[in-house]
Peer 1: 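Can you read through this structure? Questions will come right after.
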There are 2 protein chains.
Amino acid sequence: MTLSEKVMRGDLMSAACPSREVLKHVTSRWGVLVLLALETGTHRFSQLRRKIGGVSERMLAQTLQWLESDGLVLRTAHDVVPPHVDYCLTPLGVEAASRVRLLADWIETSLPEIAANRAYRRPD
Amino acid sequence: MTLSEKVMRGDLMSAACPSREVLKHVTSRWGVLVLLALETGTHRFSQLRRKIGGVSERMLAQTLQWLESDGLVLRTAHDVVPPHVDYCLTPLGVEAASRVRLLADWIETSLPEIAANRAYRRPD
DNA sequence: TTTCATACTTACATTAATGTGCGTACTTCT
DNA sequence: AGAAGTACGCACATTAATGTAAGTATGAAA
């Protein structure tokens, strides 16, 4: 890595680094789940809404806006009524989602062990 | 994957699944950064505080409690005054941190492109 | 006719996360 | 003597995230 590349790289440990904002979007409560859902293919808004348990239209819309703004999600609106909007991952989004998927898979498969740890250490 | 293994696996898309709680801890604003910091080795509380820009003692303490409770972090308190407490990753925590590291590295290296996307799409 | 689906936005309310200040007891340094 | 360091907890305040309800215009289905 050359010096100029070092300068261009974000530093999540630094509070002032813009990468914090990206981290926030990608790891937000709904951001993770949106990326995971879209990893399996293009979805409409209401498909995402139904697929991701517990998300409101409000939070889904906001999350999709963030991800679209970051360039991770592509929004395609058809010129029809009622509205018809498709969401899919951009190539950059595919990169993000693949890494989020690794983490998600780990959480899902490690859940029993973590649940056991919780029961053992702190009965709260 | 056998049926019993399927039953034991978490499902992040389901709002009621306990894996959501794990996800929350691991991907929380400070959880990610604590895991990244500890990936490099054992730290004391104040070391973590200084290393992770912007975190308060309050949030750091809470985050460490979560991660300890989940079994990802090991807290070792020495019987001295002033207090001396060491934090390090458990084997399970190492697994989590390695996946978080992949995501973090991607965010840090993709930052310039994402910043450009932001400037281009939504000047907000 | 009414209801449903579509993909959001807006306004206000509620809940959650975080900030801030103070405190603890002891040792070491200024 | 006072300040600093240590690792938190507690109480209250502030900010952020989320929930809830209502709205939009059109076509299709009940």
Side-chain angles (χ1 to χ4, degrees), chain A residues 12-13 15-16 20-35 37-38 42-70 73-88 121-122 124, chain B residues 12-16 20-34 37-38 42-70 73-88 121-122 124:
Chain A
L12 286 169
M13 290 292 162
R20 278 279 177 96
E21 186 89 350
V22 181
L23 180 67
K24 177 186 158 192
H25 294 166
V26 170
T27 59
S28 68
R29 182 175 177 189
W30 304 115
V32 169
L33 300 176
V34 165
L35 288 170
L38 290 180
T42 298
H43 284 69
R44 297 184 63 172
F45 188 91
S46 48
Q47 282 178 308
L48 287 169
R49 173 78 201 280
R50 287 191 296 271
K51 189 165 192 170
I52 303 172
V55 72
S56 65
E57 291 175 1
R58 185 178 191 290
M59 293 314 300
L60 181 55
Q62 179 181 301
T63 301
L64 285 166
Q65 273 192 21
W66 279 344
L67 295 176
E68 188 197 357
S69 179
D70 289 345
V73 165
L74 179 66
R75 177 181 179 277
T76 308
H78 302 242
D79 194 12
V80 295
V81 171
H84 177 134
V85 181
D86 288 319
Y87 292 92
C88 64
R121 293 170 193 247
R122 289 186 183 256
D124 60 307
Chain B
L12 287 169
M13 289 293 163
S14 163
R20 278 279 176 97
E21 186 87 351
V22 181
L23 180 66
K24 177 186 159 192
H25 294 167
V26 171
T27 59
S28 67
R29 182 176 177 187
W30 305 116
V32 169
L33 300 175
V34 165
L38 289 180
T42 298
H43 284 67
R44 296 184 62 173
F45 187 90
S46 49
Q47 283 177 308
L48 286 170
R49 171 82 200 281
R50 286 191 296 269
K51 187 165 192 169
I52 302 172
V55 73
S56 65
E57 292 177 3
R58 183 178 193 291
M59 293 314 299
L60 181 55
Q62 179 181 302
T63 302
L64 286 166
Q65 272 192 22
W66 279 345
L67 296 176
E68 187 198 357
S69 179
D70 290 343
V73 164
L74 178 65
R75 175 179 181 276
T76 307
H78 303 242
D79 194 12
V80 294
V81 172
H84 178 136
V85 182
D86 287 319
Y87 292 91
C88 66
R121 290 166 197 247
R122 288 184 185 254
D124 59 307

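Being a predicted model, the structure only gives us computed values, none of them experimental. Letters go in sequence order (proteins before strands), and every chain restarts at 1.
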Peer 1: What's the CD-C1' distance between B:Q47 and D:dA7, to the nearest Å?
Peer 2: 13 Å
Peer 1: Side chain of A:W30 only, please: which of D:dT18, D:dA7, C:dT6 is the nearest?
Peer 2: D:dT18
Peer 1: Atom CG of B:L64 and atom C1' of D:dG9: how far apart are they, to the nearest Å?
Peer 2: 15 Å
Peer 1: Among D:dA17, C:dA5, D:dA7, which nucleotide sits nearest the side chain of A:K24?
Peer 2: D:dA17
Peer 1: Nearest-Å distance, CG (A:L60) to P (C:dT9)?
Peer 2: 11 Å
Peer 1: Minimum heavy-atom separation for B:R75 and B:V85, please, with both atom names.
Peer 2: CG-CG1, 3.5 Å
Peer 1: When you measure from the side-chain N and O atoms of A:S46 to the phosphate of C:dA5, is any distance below 4.0 Å, counting only OP1 and OP2?
Peer 2: no
Peer 1: Name the orientation class of the two ring planes belonging to B:H84 and B:H78 (parallel below 30°, tilted from 30 to 60°, perpendicular beyond 60°).
Peer 2: tilted
Peer 1: Tell me whether the OP1 or OP2 atom of C:dA5 has a side-chain N or O from A:R50 closer than 4.0 Å.
Peer 2: no
Peer 1: Using the side-chain heavy atoms of A:M59, tell me which of these nucleotides is nearest: D:dA25, D:dG19, D:dC12.
Peer 2: D:dG19
Peer 1: What is the distance, to the nearest angstrom, from the NE2 atom on A:H78 to the C1' atom on D:dT26?
Peer 2: 17 Å
Peer 1: Which nucleotide sits closest to the side chain of A:R58: C:dG19, C:dT6, C:dC12?
Peer 2: C:dC12
Peer 1: Rounded to whole Å, how long is the line connecting atom CZ of B:R75 with atom C1' of D:dA7?
Peer 2: 8 Å
Peer 1: Are A:T42 and A:L74 close enough, and set up right, to give a side-chain contact (heavy atoms from CB on, under 4.5 Å), and what steps lead you there?
Peer 2: CA-CA 9 Å; A:T42 298; A:L74 179 66; over 6 Å; no
Peer 1: Taking CZ from A:F45 and P from C:dA5, how many angstroms apart are they, rounded to a whole number?
Peer 2: 15 Å
Peer 1: Within less than 4.0 Å of OP1 or OP2 of D:dG9, is there a side-chain N or O belonging to B:Q62?
Peer 2: no
Peer 1: When you get a sec, tell me which of C:dA7, D:dT18, C:dT18 is the closest nucleotide to the side chain of A:R44?
Peer 2: C:dA7
Peer 1: Please compare A:V55 and B:H84 by the position of their nearest nucleotide in DNA chain D and report the one closer to 5'.
Peer 2: B:H84
Peer 1: How close or far is atom P of C:dA7 from atom CG of A:D79, stated in whole angstroms?
Peer 2: 15 Å
Peer 1: Do you know the tightest heavy-atom contact between A:L33 and B:L12?
Peer 2: CD2-O, 3.7 Å
Peer 1: Determine: side-chain N/O of B:Q65 to OP1/OP2 of D:dG9, distance under 4.0 Å, yes or no.
Peer 2: yes
Peer 1: Nearest of C:dG19, D:dA7, D:dG19 to any side-chain atom of A:R29?
Peer 2: D:dG19
Peer 1: Looking at CD of A:Q62 and CE of A:M59, how far apart are the two atoms once the value is rounded to the nearest 0.5 Å?
Peer 2: 4.0 Å
Peer 1: Without decimals, in angstroms, what is the distance between A:L48 CG and C:dT6 C1'?
Peer 2: 14 Å
Peer 1: From C-beta outward on A:V81, which listed nucleotide comes closest to its side chain: C:dT9, D:dA7, D:dA25?
Peer 2: D:dA25
Peer 1: Given D:dG9, C:dA5, C:dT27, which nucleotide is nearest the side-chain atoms of A:P82?
Peer 2: C:dA5
Peer 1: Closest approach to the side chain of A:S56, judged atom by atom: which nucleotide of C:dA25, D:dG19, C:dA5 is it?
Peer 2: D:dG19
Peer 1: Which nucleotide sits closest to the side chain of B:A61: C:dC26, D:dG9, C:dG19?
Peer 2: D:dG9
Peer 1: Output the distance between atom CZ (B:R44) and atom CZ (B:R50), rounded to the nearest 0.5 Å.
Peer 2: 9.0 Å
